[in-house]
Amino acid sequence: MEKNLKQKQSAVIKIALFGPESTGKTTLAKQLAAHYETAWVPEFARDYLQQKWDREQKICDVDDMLPIAKGQMKLENEKLAVANKYLFCDTNILVTKVYSEVYYNFCEPILDAAAKEHEYDLFFLTDIDVPWEKDDLRDKAEGRETVFKIFKKSLVDNKKPFIKLTGNKELRLKMAIAILEELTTAKSLGLSSTDFVQIYNHGIAIANIQKQLEFLKTGISKTVLISPASIDNGVLKISDADLKDKADLFTSKKQSLTLLKFVPASGAATRMFKFLITFIEEYKLGTESINAYINRKKDSDLSLFIIAMNKFPFFELIDQKLRAEVVDFDSLENDCKNYYFIKELLSSTAFNYANKPKAILSFHKYKNTIATPIQEHLYECAYYGTSNDKSQLHFTISEEHQSQFEEIVSLVKNDVQEKFNTTVDVSYSYQNKSTDSIAVDLNNEVLRDANGALVFRPGGHGSLIQNLNDLDANIIFVKNIDNVIHNHSDRIALYKNALAGILLELQQQIFAYLNLIESKELTEKEIEEICSFMSLKLNIKVAVSSLPLSEKLQYLKTTLNRPIRVCGMVKNEGEPGGGPFWVLDKNGTVSLQIVESSQVDLNNEDQKNILNASTHFNPVDLVCGVKNYRNEKFNLVQFVDTNAGFIIEKNTFGKNIKSYELPGLWNGAMANWITIFVEVPLVTFNPVKTVNDLLKPGHQISK
């Protein structure tokens, strides 16, 4: 290849402005060079063509393409020698290649090869959303869109890393600077330009990637437990009379409020059927009895499933299908019947229950219908979450499952609306891809797929704080998809209303104090009253006596002006999961938090003993106040403890990998909220973690 088409190597980050004429490339190149006080490469072709024009050789032909490319490359190399950190190229020889092919349907092999070979750290593809400006030398207003598509295709076909810039001059400059700052950080992390573009298109901030990689390398500090939260030590126990009073308070105020129920529902039901999946994979019909298999594997779950099979809400549907498909089904031995039943339940060509969302499975059998969790949440939401004749229910789901959700909602929506005299509004959102995490191998090297692309994994249910943040309501009820009960709406509603009443009562006092603080006319006695309220009612440890007045007021305002959550807690009966604890953060602040066992250092005997001494369990039964005393929405993302995430290990592509999961939705994602724990009865907690949980009283027909 000719020497004057060679590109010099340098530590300078080279940015190519790319696109048709009159897309603001020159202006942006100058602006960026001025911002970074560095060199920029003007367009050689402009001067070259002007000289032809001056010599009255007004026609540009194919023979001009190679000299233009050589001149452009020579100019770029000259500017590279004096550039500082960045070099901005108004154009490049790939542009010349495109014009040669567009106008002459031909490109010199030398130019074609050089254009493909030359690398830039990033191409900025300038959009045609700016007004066309007349250029006497070449190009025209007609066909801009067609030419732009050709330019974009050339970047894609030649596998060049590019990002499209849109908007007016000011917006493009701002966007380009922000991208360059992120690109520079990505380079410092050892990531390529292609990696950077993939991350950018995924919507993940490089600062988040940087933090994830640091966590994966150094680990995440464990939560420091002080003691379990218990009755009169962080957990509120209310009498039946108070329970009714709080519920009545909420009922009396709810018409002035916007209410919404938020249900995380994206998870598949795979773990529900894990022991059945294992059975189908391992059991060989005819080689041993199922009873022998159960004894050999000590599989009590399978034994219970088979014994109580006819009590499952889906039994009749599967049984009828088997009888229709299998000749002389009744004459089969029980082992055959049971094996075929389980296989039909799981088979991807039949009911495929293990691969479906838990939300759409049959949970409860009523006299005339079988109910899914979706249906139960619809009825429950309408029962206690209706305000001004409107009931709002929001599911976070996987996008591919939305049609299945909508189908079930459509079947019962009218019945719910008629029964409760309400309008039902069901909405959906998906976990944002921008909350995904980068994956690494066990040596902390970034993981790549077969095509060399970075591998990302979902950031866990803590990602849903973004979804919650996007919703607008005064009070939001949060409850897991599988925590529904068979025909006990009255009891559930009483406690939900009471939790909401507690929230409203506390909010009313908090808002009054915040307005008083804002007036800056507090007496010492009033400050003492606020501190006492914070300590006794909000479980906030206050130490402001030595502070000057202005700092006292600022501390009180900052501490009170936060989202608030009232969390139902059930007595601990050995269920796996998190619970309420007093914890100490890295700043020395003691607060109430919901803590999972995975957040605790189980190698520390003292911490392990505190964890095991827990008296209560988190049933994920939250009532949230997400607006401030001015009725403005909080930005919930600002109240996340980013150091409270998790490092998980998985097997992907046959490799052991690590990735970072965001702080859990009701753990670190709400760590800096005002937190109130209230004891609620076990009747309010009926999760379905395995299919056999459907045999528990809360999911069976009441006698």
Side-chain angles (χ1 to χ4, degrees), residues 226-250 252-253 257 474-477 495-519 522-545 547 552-569 579-585 589-594 615-616 618 621-630 634 639 666 670-680:
I226 301 297
S227 68
S230 55
I231 299 298
D232 297 328
N233 183 34
V235 178
L236 176 65
K237 184 177 180 64
I238 54 178
S239 66
D240 289 343
D242 281 343
L243 187 72
K244 186 176 184 308
D245 287 344
K246 306 301 184 189
D248 288 345
L249 172 64
F250 171 65
S252 68
K253 300 283 188 182
L257 303 169
N474 296 107
I475 291 181
I476 299 179
F477 299 95
Y495 280 93
K496 279 289 189 180
N497 289 341
L499 294 180
I502 292 169
L503 173 68
L504 287 180
E505 192 172 65
L506 291 173
Q507 262 192 343
Q508 184 177 352
Q509 187 61 72
I510 290 170
F511 291 174
Y513 284 144
L514 284 168
N515 282 308
L516 187 60
I517 292 168
E518 197 165 73
S519 73
L522 278 76
T523 64
E524 284 296 332
K525 184 176 180 181
E526 287 170 327
I527 291 176
E528 289 177 9
E529 178 186 322
I530 295 174
C531 292
S532 177
F533 168 79
M534 292 168 67
S535 176
L536 296 175
K537 298 294 185 180
L538 304 182
N539 294 299
I540 296 173
K541 310 297 185 184
V542 183
V544 297
S545 57
L547 297 177
K552 280 184 186 178
L553 296 181
Q554 184 57 46
Y555 170 83
L556 294 175
K557 182 175 181 180
T558 301
T559 307
L560 287 174
N561 193 29
R562 294 183 289 158
I564 182 170
R565 55 176 176 163
V566 177
C567 314
M569 291 287 153
F581 291 88
W582 289 99
V583 306
L584 179 70
D585 70 15
T589 302
V590 176
S591 64
L592 286 173
Q593 301 292 340
I594 297 171
T615 60
H616 287 76
N618 164 42
D621 196 357
L622 284 67
V623 183
C624 304
V626 295
K627 291 192 175 183
N628 67 16
Y629 65 110
R630 295 176 176 174
F634 286 108
F639 299 90
W666 37 83
M670 295 182 176
N672 295 313
W673 292 35
I674 294 172
T675 296
I676 309 297
F677 293 139
V678 181
E679 185 178 89
V680 294

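Position 1 is the first residue of the sequence; numbering continues from there.
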Heavy-atom closest contact ([X] atom, [Y] atom, distance):
{"X": "P580", "Y": "V235", "value": "CG-CG2, 4.4 Å"}
{"X": "Q507", "Y": "K627", "value": "NE2-O, 4.1 Å"}
{"X": "C624", "Y": "L503", "value": "C-CD2, 3.8 Å"}
{"X": "K552", "Y": "E524", "value": "NZ-OE1, 3.5 Å"}
{"X": "L622", "Y": "C567", "value": "CG-SG, 4.0 Å"}

Contact between [X] and [Y] at the side-chain level, heavy atoms closer than 4.5 Å - yes or no?
{"X": "L504", "Y": "L257", "answer": "yes"}
{"X": "L560", "Y": "L538", "answer": "yes"}
{"X": "L506", "Y": "I674", "answer": "no"}
{"X": "L514", "Y": "N628", "answer": "no"}
{"X": "P563", "Y": "F639", "answer": "yes"}
{"X": "S591", "Y": "V583", "answer": "yes"}
{"X": "R562", "Y": "I540", "answer": "yes"}

side-chain hydrogen bond (donor to acceptor under 3.5 Å, both in side chains) against [X], all qualifying residues, sequence neighbours excluded:
{"X": "K541", "result": "none"}
{"X": "N497", "result": "none"}
{"X": "S230", "result": "none"}

Inter- and intrachain pairs under salt bridge (Lys or Arg N to Asp or Glu O under 4.0 Å), touching residues 503-519, at least two apart:
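Of all non-adjacent pairs touching residues 503-519, those that pass salt bridge (Lys or Arg N to Asp or Glu O under 4.0 Å) are K246-E505, E518-K557, E518-R630.
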Contacts of type salt bridge (Lys or Arg N to Asp or Glu O under 4.0 Å), residue D248, not counting sequence neighbours
K244
Hey, is the main chain of A671 close enough, under 3.5 Å, to the side chain of Q593 for a donor-acceptor pair?
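A pair under 3.5 Å: yes.
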Tell me if a side-chain donor or acceptor on T589 pairs with a main-chain N or O of D585 at a distance below 3.5 Å.
no
Is it the case that atom CD in Q508 sees more than 12 heavy atoms from other parts of the structure closer than 6.0 Å?
no
Atom pairs and distances, side-chain donor-acceptor, residues 528-536, under 3.5 Å, sequence neighbours left out:
{"unit_1": "E529", "atom_1": "OE2", "unit_2": "Y513", "atom_2": "OH", "d": "2.7"}

From CA spacing to verdict: side-chain contact (heavy atoms from CB on, under 4.5 Å), T675, I594:
CA-CA 9 Å; T675 296; I594 297 171; 5.8 Å; no
Say you draw a straight line from [atom1] of [X] to [atom2] of [Y]; how long is it, rounded to the nearest 0.5 Å?
{"X": "S519", "Y": "E526", "atom1": "OG", "atom2": "CD", "answer": "8.0 Å"}
{"X": "F677", "Y": "M569", "atom1": "CZ", "atom2": "CE", "answer": "4.5 Å"}
{"X": "I527", "Y": "L553", "atom1": "CD1", "atom2": "CG", "answer": "5.0 Å"}
{"X": "L547", "Y": "Y555", "atom1": "CG", "atom2": "OH", "answer": "9.0 Å"}
{"X": "K237", "Y": "D232", "atom1": "NZ", "atom2": "CG", "answer": "10.0 Å"}
{"X": "I502", "Y": "L243", "atom1": "CD1", "atom2": "CG", "answer": "8.0 Å"}

Hey, mind stepping through N233 and W582 against side-chain contact (heavy atoms from CB on, under 4.5 Å) and telling me if it holds?
CA-CA 9 Å; N233 183 34; W582 289 99; 3.3 Å; yes
Take L522 and L516, measure what side-chain contact (heavy atoms from CB on, under 4.5 Å) needs, and give me the verdict at the end.
CA-CA 7 Å; L522 278 76; L516 187 60; 3.8 Å; yes
For the residue pair F250 and F477, categorise the inter-ring angle as parallel (less than 30°), tilted (30 to 60°) or perpendicular (more than 60°).
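Plane angle over 60°, so perpendicular.
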Carboxylate-amine/guanidinium contact D621 K496, below 4.0 Å
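Salt bridge flag = yes for K496 with D621.
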Test log, rule side-chain contact (heavy atoms from CB on, under 4.5 Å), inputs Y629 and I510
CA-CA 8 Å; Y629 65 110; I510 290 170; over 6 Å; no
